[in-house]
Amino acid sequence: MLENSVLAPLVKAGWLTPLDQGLGDFVARHSAKSGQALGVIAALVSRQLARQQVCVSINDLAVLWRQARELSPGMGDFPSIHALVAEGSDAIASADEPLDGSLQTPLVLAQDAVYLQRYWHYEVVLTQRLEQLAKRRYSLDMDRLGEQLALLFEGQAAPAHIDWQRIAVLVAATRQLSIITGGPGTGKTTTVSRLLALIQALSDKQEQRIALAAPTGKAAARLAESMVAAKARLPESMALALPEQAHTLHRLLGPLPGKVTFRHHKDNPLPVDTLVLDEASMVDLPLMTKLLEALPSHCRLILLGDHHQLASVEVGSVLGDICQSWYGMTDNPAAQFDRDTIHMIQAVTGYHLEAARKPVSLLQNHLVRLHKSHRFDADSGISQLAQAVNDGQFETLSQVLTQNHDDIHWYSNPQVKQLLELLGEVYPDYFRACQRRDIRTAFQALSQIQVLCATRKGPWGMEQLNLLIEQHLAKQGWIKPQQDFYTGRPVMVTQNNYRLNRFNGDVGIVMPDEDGLIKVWFQRADGGFENALPSRVPAHDTLYAMTIHKSQGSEFSHAVLCLPKSPSPILSRELLYTGITRARDKMSLFAGQGILQAAVDQPCQRGSGLTIRLAVNHPG
Ligand SMILES: Nc1ncnc2c1ncn2[C@@H]1O[C@H](COP(=O)(O)OP(=O)(O)OP(=O)(O)O)[C@@H](O)[C@H]1O
């Protein structure tokens, strides 16, 4: 049995949580042999799970092990991690154990990495479902396909330069699984609206049951809004049957109060023929697995997202891993599709693409990346900045920042005073609208500008900036923050509450109703408004400043990006990219040169075996 005292100093030092220790002790106590070794390994894997790692490689375990030994002298007598793994390996299931639920060990060793059994199970099931979906291609009448495609693209023949949106529609129409990725404004929703119209037009069935979903309420509302706009650009007869409503993923799956399981699962599949999931990069491994298990076997799945964005807040990075299985593993990403796909693209569009020399990823014939932004000029500052960050090119980023682009303002030696002055120029319109109870104008004004922070705590963190902004607004006489719910306070809900019908990410504004009673107002998906008593609003934060994590799935006319002064593990290339790409028209950047370099130089790495599992010829 594992002595509590071995892990306790690590908890005391804040390096492990009591939960990690509890799991370690539990595993140690319940293992017939090698309990001590298994307990330590379980505690380390649990620690990394909280850092969104699905599994921990033996090499990473060794690094963690060295850190642990420095903090807990009692561990000095233990053998190396390799010896621990070797000692415990009889009692750690290996990758070829069955998936039938008979596995008794809490840990699994696969591909030189250790998993908690539950997460290994998710990863294996997800891979199997993706593989099943990837096997199915539809053989369609190419002439009819070509005709319908031309109709959808306003009767125009394929242009001479390669139109990847057209290829995306074509490729996705012919397979059960498709993944369409691209940065902001590259036309993902436009493409999917055409794809859905094409599927509908080619379907033998009367009407396809199509569902639109996104991970958060905010992202679902944006998807619905973009779909309505995209439908308006389609030929009327083809647009008619397309949905205009989008659900959150949780709502779609049907939450069960107090449970982590859903109403829909493999024995009670979703009643849909085609599912579109937007902002797929935000979906974690367990939820994505549950979703794929709940799809009926005939259902098409279309994933949309930007794989350069931050991955899910919870464990795993499914969309990133899927894209990495192709883009990260090939030396020639341009030669992507197999010969059948190349021939089909040529027959319908006339484009000559180079065929892949060999298969690399199980999903390479299902992925299409859209490159061209239709929202930004390629030479706009925001778009060049986002590209430089993605490419990890700090020098290019520095050049873009100093080129006086109209859409970027860089505060290289950031002062809070400058931030308050900037906000002082735009907030008065917002507060005036709140004071005259003009709800629509207030929401419009609020979405014009948003302060985004890398961190929640610390200087330049969300909590501190909210406080400083509130103090400043009070001094200016715009707010009276004596009460929690003062007129004009913007809030963001941070928790799902199905009973109250309020969801993580919902944005509200505090304003009196016509009787002078203080309420929190929310905008509905149909554009109308509803209110709730402050006591009926679940956990929430003040919203002058929000974290970049919480801003995923939203965009703002003017994003004000604030980075801390000193490096932090949270500050990654993906975080910076996500922050920059929230800006639609203008971005103000409060960040010193050193911190920008630290962020660009730190790509986010998440322990996961999914990329390897999706490699062609992977043993399992
Ligand atoms: N091929 C195109 N030609 C001209 N305009 C286009 C084209 N594709 C998309 N657009 C326009 O670009 C804008 C963004 O398109 P869309 O909403 O489809 O992109 P998106 O990738 O879904 O954006 P987001 O990242 O915000 O989700 C829309 O105004 C759309 O009308």
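None of the values given here were measured: they were computed from a predicted structure. Counting starts at 1 for both ligands and their atoms, following the listed order.
For atom 9 (C) of ligand 1, the nearest non-hydrogen atom of the protein is Thr190 OG1, 3.4 Å. Scanning the protein heavy atoms around atom 19 (O) of ligand 1, the nearest turns out to be Gly187 N, 3.1 Å. Atom 1 (N) of ligand 1 has its closest protein heavy atom at Gln165 OE1, 3.1 Å. Counting protein heavy atoms only, atom 14 (C) of ligand 1 is closest to Arg375 NH2, 3.6 Å. Looking from atom 20 (P) of ligand 1 to the surrounding protein, the closest heavy atom is Lys188 N, 3.4 Å.
Near Pro184, meaning under 4.0 Å from one of its heavy atoms, ligand 1 places the atoms 25 (O).
Salt-bridge annotation for Asp541 and Lys550: absent, with no side-chain N of the basic residue lying under 4.0 Å from a carboxylate O of the acidic one. Taking a cutoff of 4.0 Å between a charged side-chain nitrogen and a carboxylate oxygen, Asp163 and Arg194 do not qualify as a salt bridge.
Across Gln602 and Glu574, no two heavy atoms sit closer than the pair O-OE1, 4.2 Å. Here the shortest heavy-atom pairing between Leu367 and Cys323 reads CD2-SG, 4.0 Å. The nearest pair of heavy atoms linking Ala583 to Met587 is CB-CB, 3.9 Å. When all heavy atoms of Gln165 and Thr191 are compared, the pair lying nearest together is CG-OG1, 3.4 Å.
No more than 12 heavy-atom neighbours from other residues, nucleotides or ligands sit within 6.0 angstrom of CG on Asp406.
Polar contact with ligand 1: present for Thr189 (N/O pair, distance under 3.5 Å). Distances between N or O atoms of Ser226 and those of ligand 1 include no value under 3.5 Å. Not one N or O of Arg194 is nearer than 3.5 Å to an N or O of ligand 1, by distance alone.
Remark: among candidates Arg166, Arg233, His374, Arg222, the nearest residue to atom 31 (O) of ligand 1 is Arg233, based on non-hydrogen atoms.
By the salt bridge (charged side-chain N to carboxylate O under 4.0 Å, His left out) test, Glu131 pairs with no residue at all, sequence neighbours left out.
Distances from atom 29 (O) of ligand 1 to the protein include no heavy-atom value under 4.0 Å.
For the ligand labelled ligand 1, residue Gly185 lies inside the 4.0 Å heavy-atom shell.
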